[in-house]
2 protein chains.
Amino acid sequence: MTLRHSPREGSARRIGGEIPDATIARLPVYQRVLAALAESHVAIVSSEEIAAASGVSSANVRRDLSHLGSQGTRGVGYHVFSLLAHVTQALGISSERPVVIVGAGHIGTALAAYQGLPSRGFRVVGVVDISVDRVGFPVTESTQMRVRPLTELEAIVREGSARIGVIATPGAAAQYVCDRLVQAGVRSILNFAPVTLAVPQDVEIRQVDLAVELQILAFHEQRRTVTIPECSA
Amino acid sequence: MTLRHSPREGSARRIGGEIPDATIARLPVYQRVLAALAESHVAIVSSEEIAAASGVSSANVRRDLSHLGSQGTRGVGYHVFSLLAHVTQALGISSERPVVIVGAGHIGTALAAYQGLPSRGFRVVGVVDISVDRVGFPVTESTQMRVRPLTELEAIVREGSARIGVIATPGAAAQYVCDRLVQAGVRSILNFAPVTLAVPQDVEIRQVDLAVELQILAFHEQRRTVTIPECSA
DNA sequence: CGGTGTGAACCACTTCACAGCA
DNA sequence: TGCTGTGAAGTGGTTCACACCG
C-alpha cells in the first residue's frame, strides 16, 4: 500500500500549476515511458500511446500533462523530447538527491544496488547497519561502497546533505531509526518496516509493506472466486 | 506507487458488504495493529486508538469497520479479538495461499525470507531464477529451500496450486515471465520490475516500483523547499 | 481529419457532525 | 457519559464528450 500520512499539509501552497497528488504519482511512470521512447528515437507520441504504455486512460494522461502546462500539438501528439524534459523538470531531477539507507538486509541492499537510481537523480551516500556481520563489508559485489556502522548515521547525513532516508530494518527498530533520522535532519522517509511511524508534521513518510501488497491481491483473488465472474444485466 | 490497473472490473460484483478498494488497502494495517494489541492482551480498543496506530483518521476507521458489518460497543469501543477475527476473515486468511516468486535477486530473496508471510496466510512454494549462479543454492541462510531453474516454473505453479506470482526480475525479462505465469494459471501478480505489464482482463497486477516511491518523496521535498512553508491568511 | 485540451458530469472516498445506544 | 455508526456535506480525481486547432 502507500499510506499518505499528512492528510493535507495545512499550510504550504503549491507552486504555479497546482499539481494533484494523483498526477504526481504517475509522472515517474510517464517519465520512464518517455525515456524508453526517446531511447528508441521516437519523436512524436500520442496520449493514447502513452496511456497504453502506462496502464492509464488516455483522457487521464492528457489531464495529467495539462497540469504541467505542457504543450502538445493538436492533431499530432506530443514531442517526446520536450515532453520528457518537462516531466523531468517537474519532478525536479535537476539536482542530485542524496539518500541514506538504514538496514543492509535484502531490501536495503536491493535499493542500494538498483541501477535505476542514478538516472532518476538519486545518489546513495551511505548504507548503515547495526550488525557486526555486515558492517565493513561491501554493500554489493558490484560496488566498492561498504556498509557503515549505525553510529555514523548522523555524520553520513550531515556530510552527504541527505534529506531523504530509507528505513529497511526490522519493525522493532524502525521508530528508533526514524527518530534518529529526523533528528539528523532528514525530511522525507521511505519506510519498508511493517509499522506506522510517528513523525513531526514537517516530515513526510511513505510506507511500503510488501506483505500488504500481497494481501490486497489475495483479497481480490478470493473475491473473484466467490463472486460470479460474468454477470450480465 | 501502486497503479490500479483495471479501472473497475467491468463485471464481477462484490459480495454482501460492497467493500471499497480504499478500505481493503487499509484492512491489512488494521489487522497488524489489532494483532499487536491482542499480543499485548489488550481486550478493548477505540477507533481513536486504532486510528493513531494506523495513521488514519478515527472517522475513517469507523467507516472502514462498518463496511465489514462489524460490531463495536457504543460508549466503549471494539473487542480486539472478535474484531481481529472479523478483519482476518474479511481478508480471507482462512486458507494458506501459495505464492511463487520469480527472480532470486535481492527483492525476490527479501520476500522469500520475510517472516511475516506465513502469519498472513502466505506460503512460498518456490523461488525460480534463470541464472546458473543462483539455481540450486539455498534461497536464504535460514531456509533449506533452494532456488530452482526457470524451466520448472510451470511445474511449481501446478504442483503448488499457486495463483499468486511475484515478478522480481530485471525489467527486460518481466513481460516474458508474466506471460509464462499467466499461461501457467497464475491470476494475481505483484510486479517489482519497472515496466508496465500487459495481461488478460481477468489477471490482476499490482505494481511496486521502489524508484517511483523515492521520486514522489523527492517531488514533495522539492516543493517544500520552493514554497513558503508557513503562509497564514 | 485527428488528437489535444478542458468544461461539466460523474464517481469514490473522506470528513463532519450528531443521533443513538450501552 | 462516551464512543459507535451513519446520513449529509465536502473533496479530489476520473471520465465523458466536444470545441478547437494544426
Side-chain angles (χ1 to χ4, degrees), chain A residues 1-10 13-14 17-27 29-30 34 42-80 82-83 86-87 216, chain B residues 1-10 13-14 17-27 29-30 34 42-52 54-80 82-83 86-87 216 220:
Chain A
M1 191 190 43
T2 328
L3 265 184
R4 192 184 307 156
H5 230 224
S6 29
R8 170 63 62 203
E9 308 278 87
R13 294 296 137 73
R14 281 165 183 168
E18 196 70 14
I19 307 176
D21 283 352
T23 296
I24 293 158
R26 284 186 294 266
L27 288 184
V29 180
Y30 300 152
L34 291 168
V42 177
I44 298 288
V45 67
S46 70
S47 64
E48 200 70 54
E49 292 167 308
I50 297 175
S54 319
V56 178
S57 77
S58 65
N60 214 337
V61 169
R62 290 199 299 278
R63 177 77 66 189
D64 284 340
L65 296 182
S66 78
H67 286 299
L68 313 183
S70 99
Q71 205 65 342
T73 315
R74 296 183 189 224
V76 180
Y78 300 87
H79 192 287
V80 173
S82 80
L83 183 54
H86 254 90
V87 172
I216 295 171
Chain B
M1 189 190 43
T2 329
L3 263 184
R4 191 184 309 157
H5 230 223
S6 29
R8 170 64 59 201
E9 308 276 88
R13 295 294 138 75
R14 282 165 183 168
E18 197 71 13
I19 307 176
D21 283 351
T23 297
I24 294 159
R26 284 185 296 265
L27 288 185
V29 180
Y30 300 152
L34 291 168
V42 177
I44 299 288
V45 67
S46 69
S47 63
E48 199 70 54
E49 291 166 310
I50 298 176
S54 319
V56 178
S57 76
S58 66
N60 214 338
V61 169
R62 290 198 300 277
R63 176 77 66 189
D64 284 342
L65 295 182
S66 79
H67 287 300
L68 313 183
S70 101
Q71 204 66 341
T73 314
R74 296 180 190 226
V76 181
Y78 300 88
H79 191 288
V80 172
S82 81
L83 184 55
H86 254 90
V87 171
I216 295 171
H220 293 308

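By convention in this document, chain letters (A, B, ...) are assigned in the order of the sequence lines, proteins followed by strands, and residues within each chain are numbered from 1. Excluded from the calculations below are hydrogen atoms, water molecules and symmetry mates; all remaining heavy atoms, backbone and side chain alike, are included.
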### Query
Quick one: does Arg63(A) reach the base of dT15(D) with a side-chain donor-acceptor pair under 3.5 Å?
yes
### Task
Report which part of the nucleic acid Glu49(A) touches: base, sugar-phosphate, or nothing (heavy-atom distance under 4.0 Å, all strands).
nothing
### Message
Using whole Å, what does the distance between atom P of nucleotide dC21(D) and atom CZ of Arg74(A) come to?
### Response
6 Å
### Task
Compare all side-chain heavy atoms of Tyr30(B) with those of Val56(B) and state whether any distance is below 4.5 angstrom.
yes
### Nearest-Å distance for atom pair NE2/P, residues His79(B) and dA22(C)
17 Å
### Query
Hey, are the side chains of Pro20(B) and His67(B) touching, using non-hydrogen atoms and a 4.5 Å cut-off?
yes
### Message
For Ala59(A) and Thr73(A), find the nucleotide of DNA chain D closest to each by heavy atoms; which residue's nucleotide sits nearer the 5' end?
### Response
Ala59(A)
### Message
Contact between Ile24(B) and Asp21(B) at the side-chain level, heavy atoms closer than 4.5 Å - yes or no?
### Response
yes
### Task
Return the value, rounded to whole Å, for the distance between atom CG of Asn60(A) and atom C1' of dG13(D).
8 Å
#### Entry: Tyr78(B) side chain near dA22(C) phosphate (N/O to OP1/OP2, under 4.0 Å)
no
### Side-chain N or O of Ser47(A) closer than 4.0 Å to phosphate OP1/OP2 of dG3(C)
no
### Task
Mind calculating the distance between CG (Asp64(A)) and P (dT4(C)) to the nearest angstrom?
13 Å
### Query
Would a 4.5 Å heavy-atom cut-off, applied to side chains only, mark Ser58(B) and Arg62(B) as touching?
yes
### Query
Rounded to the Å, how far apart are Leu65(B) CG and dT6(D) C1'?
14 Å
### Task
Whole angstrom is fine here: how far is it from CG in Leu27(B) over to P in dC13(C)?
12 Å
### Task
Find the distance His67(B):NE2 to dA12(C):C1' and express it as a whole number of Å.
10 Å
### Query
Under 3.5 Å, is there an N or O donor on one side and an acceptor on the other linking the side chain of Arg26(A) and the base of dG13(D)?
no
### Query
Does Ser57(A) place a side-chain N or O at less than 4.0 Å from the phosphate oxygens OP1/OP2 of dT15(D)?
yes
### Query
What is the distance, rounded to the nearest whole Å, between atom CZ of Arg62(A) and atom C1' of dT14(D)?
12 Å
### Task
Locate the shortest heavy-atom distance separating Val80(B) from Leu34(B); write the atom from each residue and the value.
CG1-O, 3.7 Å
